[in-house]
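Working notes, beginning with the structure itself.
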Amino acid sequence: MGKSSLKLWIAASLLFVMAATMAVYKVWPLLHPEVVHLAPLDPNCDLRAGPCTGVLPGGGRITFGIKPDTIPLIETLELDVRVDGIKASSAEIDFVGVDMNMGFNRPKLSAAGEGRFSGQGVLPVCVRKAMEWEARVLVKTNEGLVAAPFRFITVNPDATFPGK
């Protein structure tokens, strides 16, 4: 390998590292949004029984409901968010596997008036028989992003992996 070929490889490598660094810098806020207020997780919440409410520190409430109440995998889910005591401009649901990375899954909801947002989402299938999820409701306000976590479990009767 000649000197000019080595210089070309070094320049290409540096360019790749700079591009990768810029991509991470741009994508980081999307994957890890800064939350100004976070409601504590309610361990008594059962989304199968009906909507649950997260109470924000300093006031305000976020209520989240999901239909059908069986919360099936790879089927369309109807998502409903209601906010009280805060002025919200948008809402999204960030579905996160509690102990397994299930990829980026954050449907945006449409404003339905009077502090309500609604939309649809789909949960991917998992190789485990049972999967614990956290639906992080992210609500954009003038103060910044506020969030409320809601946990639930899905069941995959066709799972062949002897996991949970």
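- Between Ile86 and Val146 there is a side-chain heavy-atom pair separated by less than 4.5 Å.
- Listed for the Arg48 side chain is a donor-acceptor partner under 3.5 Å among the backbone atoms of Thr70.
- Between the NE2 atom of His37 and the CD atom of Glu143 there is a distance of 4.0 Å, given to the nearest 0.5 Å.
- Every pair passing salt bridge (charged side-chain N to carboxylate O under 4.0 Å, His left out) that includes a residue from residues 115-126 is listed here, sequence neighbours excluded: Asp80-Arg116.
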Discussion item. I'd like to know whether Met102 forms a side chain to side chain contact (heavy atoms under 4.5 Å, CB included) with Met131, so could you lay out the CA-CA distance, the side-chain angles of the two residues, the decisive distance to 0.1 Å, and finally the verdict.
Written reply: CA-CA 10 Å; Met102 296 300 288; Met131 174 75 183; 3.5 Å; yes

Worksheet item: Could you go step by step and tell me if Ile62 and Val139 meet the side chain to side chain contact (heavy atoms under 4.5 Å, CB included) rule?
Response: CA-CA 9 Å; Ile62 298 174; Val139 176; 3.9 Å; yes

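- No side-chain heavy atom of Glu114 sits less than 4.5 Å from a side-chain heavy atom of Arg82.
- Under the 4.5 Å side-chain contact rule for hydrophobic residues, Val96 and Phe150 do not share a cluster.
- Val98 and Glu134 get closest at one heavy-atom pair: CG2-N, 3.9 Å.
- Atom CG of Asn142 is separated from atom NZ of Lys87 by 8.0 Å, given to the nearest 0.5 angstrom.
- Ring planes of Trp133 and Phe152: parallel class, angle under 30° (limits at 30 and 60°).
- Rounding to the nearest 0.5 angstrom, the gap separating the CD1 atom in Ile93 from the CZ atom in Phe95 is 6.0 Å.
- Under the 3.5 Å distance criterion, the side-chain polar atoms of Asn156 are left unmatched by any main-chain donor or acceptor of Val125.
- Rounded to the nearest 0.5 Å, atoms CD (Glu78) and CD (Gln120) are 4.5 Å apart.
- Contact of the Leu123 side chain with the Ile74 side chain is not registered, since no non-hydrogen atoms from C-beta on lie closer than 4.5 Å.
- Contacts of Val55 classified as side-chain contact (heavy atoms from CB on, under 4.5 Å), with partners at least two apart in sequence or in another chain: Arg61.
- Taking CG of Leu79 as the start and NZ of Lys108 as the end, the distance is 14.5 Å to the nearest 0.5 Å.
- The side-chain contact (heavy atoms from CB on, under 4.5 Å) test applied to Lys140 returns Ser89, Ser90, Leu145, not counting sequence neighbours.
- Between Ser118 and Val81 the shortest side-chain heavy-atom distance does not fall below 4.5 Å.
- Heavy-atom minimum distance, Phe117 versus Ala111: CD2-CA, 3.6 Å.
- Remark: Asp46 CG to Ile153 CD1 distance equals 10.0 Å, nearest 0.5 Å.
- When every heavy atom of Ala148 is checked against every heavy atom of Gly54, the shortest pair comes out as CB-CA, 4.4 Å.
- Pairing each heavy atom of Arg106 with each of Asp94, the nearest pair is NH2-OD2, 3.2 Å.
- Heavy atoms only, all atoms of each residue included: Pro124 and Asn105 are closest at CD-ND2, 3.6 Å.
- Across all their heavy atoms, Ala147 and Leu138 have their closest contact at CB-CD2, 3.7 Å.
- With a 4.5 Å cut-off on side-chain heavy atoms, Pro149 and Leu38 count as touching.
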